[in-house]
Undergrad: 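Structure incoming, see below.
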Amino acid sequence: MVPTSYYLILSAILFTIGVLGVLVRRNALIIFMSVEMMMNAANLAFVALSRQFGTLDGQVFVFVVMAVAAAEVAIGLAIVMGIIRHRDTVNVDHIRLMRW
Amino acid sequence: MIEYAWLLLFFPALGGVLNLIFGRRWGKQVTGIVASGAVLLSFLVAVGLFVSLAGLPAEERELERVLWRWIAIERFQVDMGLLIDPLSVFMALVVTGVGFLIHVYSIGYMWEDERYVRYFFYLNFFVLMMLTLVMANNLVQTFIGWEGVGLASYLLIGFWFFKPSASDAGKKAFLVNRIGDAGFIVALIWIFAVSGELRFTTLFEPEHLAPLATSATAIGLLLLLAATGKSAQIPLYVWLPDAMEGPTPVSALIHAATMVTAGVYMVARMSPLYAMSPAAMTWVATVGALTAFFAATIALAQTDLKRILAYSTVSQLGYMFLAVGAGAFTAGIFHLFTHAFFKALLFLGAGSVMHALHGELDIQKMGGLREKLPTTYKTFLVGAAALAGFPLLSGFFSKDEILLGAWERSPLLWLIGIVTAFLTATYAFRAVFVPFWGRPRQRKLYDHAHESPPVMTTPLWILAVGSVLGGLIGLPGLSWIHGWLEPVFEAVSHEAEPGVVAWILMLVSALVALGGIYFAYRVFVVDPSLAARVRRSLGPVDDLVQHRYYVDELYMADVVNPLKALGDWLAVSFDQRGIDGIVNGVGQAATWLGERARRVQTGLVGTYALTLVIGVVLLLIYVILVAQ
């Protein structure tokens with residue numbers, strides 16, 4: 001059996017990549033993708049630990065996370081649509097109205 | 001009547017309140033009647049109290065009626081109460097009696113004034129406060145009355161506040177008085193701290209009085225300071241001449257007959273304390289004597305009729321202080337009584353002259369008024385004679401008794417007193433001869449002059465009668481007033497029997513009075529140029545006296561201006577730079593902080609996300625490393 005720590009390390013790496021993506025990338029859609037990646041990293045951790053302890057709780061929760069991710073993407077993309085219509089750009093660096 | 005003593009204070013309070021609320025509505029006539037009536041009712045209560053007291057044997061004439069408990073904090077117990085004893089009732093009679101006459105006179109005098117109703121409210125308020133002062137059974141209440149009459153004085157002196165001179169005079173009176181009040185407060189605290197008592201009845205019992213023996217001199221001097229403020233003695237007399245800016249009936253009531261006597265009353269009331277300090281009493285007598293002389297010299301040079309009377313008041317109050325300082329307490333109160341009559345009379349007479357001459361007060365513009373204003377002239381003459389100490393009039397007896405007391409204390413004090421008496425007779429009759437005798441100096445003024453209405457002349461007649469007969473209560477040998485006030489002063493004064501010396505001194509007083517009158521006659525009637533020659537011969541002294549010894553200028557330069565400069569300096573360095581600096585500084589600091597803090601709001605989602613991440617990392621570090 002593959003040691004659980006491998007899965008967790010992979011999850012951590014994926015999560016970190018996702019965080020860096022959110023922080024560094026300028027394209028709003030890429031940022032969304034990075035957020036998805038973070039959520040998938042979390043899912044991986046859930047599943048791995050579920051297998052380790054032999055309960056189904058983790059696996060069930062993965063479905064919850066997926067549902068939340070889907071809802072969040074729906075709303076997020078709607079907001080992006082609004083921004084595009086307004087500013088004709090998806091570059092988050094250009095959207096800084098609420099500044100000092 | 002004793003049980004209804006509180007009515008004494010209630011009536012003026014009621015009168016004042018009623019007039020305040022309804023005065024405008026029910027018109028000037030009713031206002032005047034209500035106000036005067038209130039004081040009259042008070043007078044009747046005072047008479048009732050007098051009768052009740054007289055019905056008791058002399059030793060029992062000290063009653064207290066507590067109205068209500070005011071302050072009760074452990075040791076510090078102060079109530080509002082009335083002390084009904086010969087002295088307080090006597091004072092109440094003077095205040096309400098003369099007060100009533102002046103209220104009536106004011107109806108006529110102030111009739112044309114816009115703020116007629118307000119005037120009568122202030123007058124009633126004054127009477128209320130003065131009665132609070134004299135009837136008080138404890139020092140704190142006395143002080144309340146003390147401050148209250150000061151307030152009334154300020155309001156009434158500055159009654160015509162739109163005149164800068166009047167409002168300045170009001171302020172001056174209050175501020176100068178305040179200096180004295182500081183002395184009163186310190187003395188009051190001192191007395192309480194040492195003896196624990198502030199009620200007169202208990203304070204003057206041996207066990208409470210004894211601990212004050214060592215501090216009696218200091219306390220006595222502090223109270224003297226307060227008295228010099230209220231009763232216009234050196235050094236705090238300067239407000240009284242300026243107070244003549246107020247309506248003349250006010251000058252008569254407050255600055256002649258009643259308020260200014262509060263200082264004398266207070267010293268008399270505190271006689272057991274003063275008795276413990278011969279040094280303090282000497283100070284009192286000396287201040288009184290010097291003030292009497294000093295003010296009399298100034299009065300001689302004044303050309304404003306009311307100012308002559310104002311300085312005369314300062315001088316006569318000096319006599320009263322001389323009396324109480326010399327141990328002749330009853331003589332001082334006796335003179336207070338006679339002075340109230342003739343000085344009020346003189347002031348009201350001056351008011352009558354002003355009324356006739358449309359406000360003119362410069363005696364150098366008057367002349368020959370005795371034909372035009374016969375009643376005013378006759379009553380004024382009586383008043384001046386009483387003031388001068390013309391034999392057998394009231395002033396003669398009271399002043400003579402003071403001089404007798406002074407002689408027994410120190411012939412030097414007597415000498416100052418007798419010289420002052422000569423000057424008094426001179427300036428008093430100067431005020432008679434120059435305006436009323438001779439030829440009119442300003443024809444137009446003279447032609448328009450007319451006698452005052454009965455509402456004003458009747459009080460003049462009543463006061464004139466009082467000025468003549470007032471001496472009967474204190475005839476040497478069978479003095480009623482001595483018997484009456486004896487229980488109050490028995491511990492302290494040692495009234496001597498009239499011996500040969502007393503009769504000689506009385507003769508000297510009579511001669512001096514007549515001499516002064518004759519001298520005035522020579523100088524101001526027979527040979528007017530004599531006055532100019534006398535003044536020239538005095539040289540620089542003449543200039544000094546003409547300018548009232550430059551005292552006001554001295555105070556202005558050495559007290560007022562330095563204080564103003566200090567105030568200006570503090571306003572800039574402390575208030576503007578300091579306090580405002582701190583307050584504005586807080587604002588500036590907040591702004592500075594805000595400028596820095598707002599840069600957090602970059603508007604970039606990325607920045608916020610980074611902040612989030614950093615926060616999470618820190619939290620993780622904490623959880624993993626620290627919270628184990």
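Since the structure is predicted, the reported quantities are computational estimates derived from the model, not experimental observations. To find a chain, count down the sequence lines: A is the first, B the second, and so on, and within it residues start at 1.
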Undergrad: Select all residues of residues 598-610 of chain B having any heavy atom within less than 4.5 Å of some heavy atom of chain A, and report them by number, or 'none'.
TA: B:Arg598, B:Arg599, B:Gln601, B:Thr602, B:Gly603, B:Leu604, B:Gly606, B:Tyr608, B:Ala609, B:Leu610

Undergrad: Assess whether atom CG of B:Asn584 is packed by more than 12 heavy atoms of other residues, nucleotides or ligands within 6.0 Å.
TA: yes

Undergrad: Taking heavy atoms only and a threshold strictly under 4.5 Å, list by residue number the residues of residues 68-77 of chain B that touch chain A; give 'none' if the list is empty.
TA: none

Undergrad: Can you establish whether the number of heavy atoms outside B:Phe192 located under 6.0 Å from its atom CZ is more than 12?
TA: yes

Undergrad: Between A:Arg26, A:Met98, A:Arg96, A:Arg25, which residue shows the highest count of heavy-atom pairs closer than 4.5 Å to chain B?
TA: A:Arg96

Undergrad: Does atom CZ of B:Arg596 have more than 12 heavy-atom neighbours from other groups under 6.0 Å away?
TA: yes

Undergrad: What parts of residues 142-175 of chain B touch chain A if we use heavy atoms and a cut-off under 4.5 Å?
TA: none

Undergrad: Near B:Arg24 CZ, under 6.0 Å, is it more than 12 heavy atoms from other residues, nucleotides or ligands?
TA: no

Undergrad: Who among A:Val24, A:Val19, A:Leu97, A:Asp93 has the most heavy-atom pairs with chain B under 4.5 Å?
TA: A:Asp93

Undergrad: Does anything in residues 556-583 of chain B reach chain A? List residues with heavy atoms under 4.5 Å apart, or say none.
TA: none

Undergrad: How about B:Glu595: does its CD atom have over 12 heavy atoms from other parts shown lying under 6.0 Å from it?
TA: yes

